[in-house]
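Report on the following structure.
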Amino acid sequence: MLVRRTNPIQPGMNGTLAKGFAQPLTAGIVVSTCTALTILVVGLVMGRLQWPSMEEVARVPWWACLGGVMGGGIVATQLLIARQIGAAPFLGMLVTAGVVTSILLDHLSWVGFDQHTASWPRIVGGLMIAGVLLVACF
């Protein structure tokens, strides 16, 4: 999938963008603007974009919009940290944290996920931390 192949590239591009500004977080505004425009164009071209009704908004849990805040946190981390530690350790930590958190979310069936028990094979599969440490240290 194209999106998975761009994961290691995005922090480098965003970090390079941040180098071009006096304040690195200014690049976050550029990234967010480009993201919004991309979604707008894709949504319009595919005919899958419309404002939600008030009823739809009322049905959405209050915490659902926090995904945007978390996305902003990832971009800010890319702008401030990824260049300093390198692409491999940054992406390794991001993926490891994502897998470990996902196992917990599945086990507890939080934030809309179906329940999937944290079995030993799933837990062992999530222990990517040793590999990340090797990449970061060598």
Side-chain angles (χ1 to χ4, degrees):
M1 227 170 130
L2 178 62
V3 173
R4 289 185 188 159
R5 292 186 187 124
T6 62
N7 274 345
I9 298 168
Q10 184 183 13
M13 291 176 149
N14 289 348
T16 300
L17 183 64
K19 278 193 237 181
F21 299 114
Q23 294 295 322
L25 291 178
T26 303
I29 301 297
V30 174
V31 170
S32 297
T33 302
C34 291
T35 299
L37 290 173
T38 300
I39 292 170
L40 178 65
V41 168
V42 169
L44 290 173
V45 167
M46 295 181 71
R48 300 199 53 164
L49 186 66
Q50 68 181 37
W51 288 107
S53 69
M54 289 309 290
E55 292 81 24
E56 289 173 315
V57 171
R59 283 194 306 261
V60 176
W62 67 269
W63 48 262
C65 292
L66 294 178
V69 174
M70 292 177 186
I74 290 172
V75 170
T77 303
Q78 291 173 355
L79 299 173
L80 297 171
I81 296 173
R83 285 182 321 169
Q84 296 170 348
I85 66 172
F90 179 78
L91 190 62
M93 286 187 279
L94 190 66
V95 169
T96 301
V99 170
V100 171
T101 303
S102 296
I103 292 170
L104 181 63
L105 293 174
D106 281 349
H107 182 74
L108 299 172
S109 66
W110 283 354
V111 295
F113 289 105
D114 291 337
Q115 201 276 335
H116 298 275
T117 303
S119 62
W120 281 109
R122 293 187 90 197
I123 292 170
V124 170
L127 296 177
M128 303 163 45
I129 298 165
V132 172
L133 283 173
L134 288 173
V135 169
C137 293
F138 297 103

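A distance of 11.0 Å separates OG in Ser32 from CG in Leu37, rounded to the nearest 0.5 Å. To the nearest 0.5 Å, the span separating CG on Leu104 from OG on Ser109 amounts to 10.5 Å. Here Met93 contributes atom CE and Ile81 contributes atom CD1; the two are 8.0 Å apart, rounded to the nearest 0.5 Å. In this structure, the separation between CG on Leu40 and OG1 on Thr35 is 12.5 Å, given to the nearest 0.5 Å. Leu79 CG to Ile74 CD1: the interatomic distance, rounded to the nearest 0.5 Å, is 12.0 Å.
Tracing side-chain contacts under 4.5 Å through hydrophobic residues (I, L, V, M, F, W, Y), one reaches Phe113 starting from Trp63; they form part of the same cluster. Under the 4.5 Å side-chain heavy-atom criterion for Ile, Leu, Val, Met, Phe, Trp and Tyr, Trp62 and Met54 are members of distinct hydrophobic clusters. Both Val69 and Val111 belong to a common hydrophobic cluster when Ile, Leu, Val, Met, Phe, Trp and Tyr are linked at side-chain heavy-atom distances under 4.5 angstrom. Grouping the Ile, Leu, Val, Met, Phe, Trp and Tyr side chains by contacts below 4.5 angstrom, directly or via other members, places Leu66 with Leu108. Note: the hydrophobic cluster containing Leu49 does not contain Val42 (ILVMFWY, side chain heavy atoms under 4.5 Å, direct or indirect links).
Within a 6.0 Å sphere centred on CD of Gln50, heavy atoms belonging to other residues, nucleotides or ligands number 12 at most. Surrounding CD of Gln115 are more than 12 heavy atoms belonging to other residues, nucleotides or ligands, all under 6.0 Å away. The number of heavy-atom neighbours closer than 6.0 Å to CH2 of Trp120, taken from other residues, nucleotides and ligands shown, is 12 or below.
Residue Leu17 comes nearest to Phe21 through the heavy atom pair O-CD1, 3.2 Å, listed as atom of the first residue, atom of the second, then distance. Contact record, Ile123 with Ala118: CD1-O, 3.3 Å, taken as the closest heavy-atom pair.
A heavy-atom distance below 4.5 Å is not found between the side chains of Arg83 and Phe90. Residues Leu94 and Leu91 have side chains in contact (heavy-atom distance under 4.5 Å, counting atoms from C-beta outward). Considering only heavy atoms from C-beta on, His116 comes within 4.5 Å of Arg122 through its side chain.
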Using side-chain contact (heavy atoms from CB on, under 4.5 Å), reason through Leu80 and Leu25 one step at a time and then give a plain yes or no.
CA-CA 8 Å; Leu80 297 171; Leu25 291 178; 3.9 Å; yes
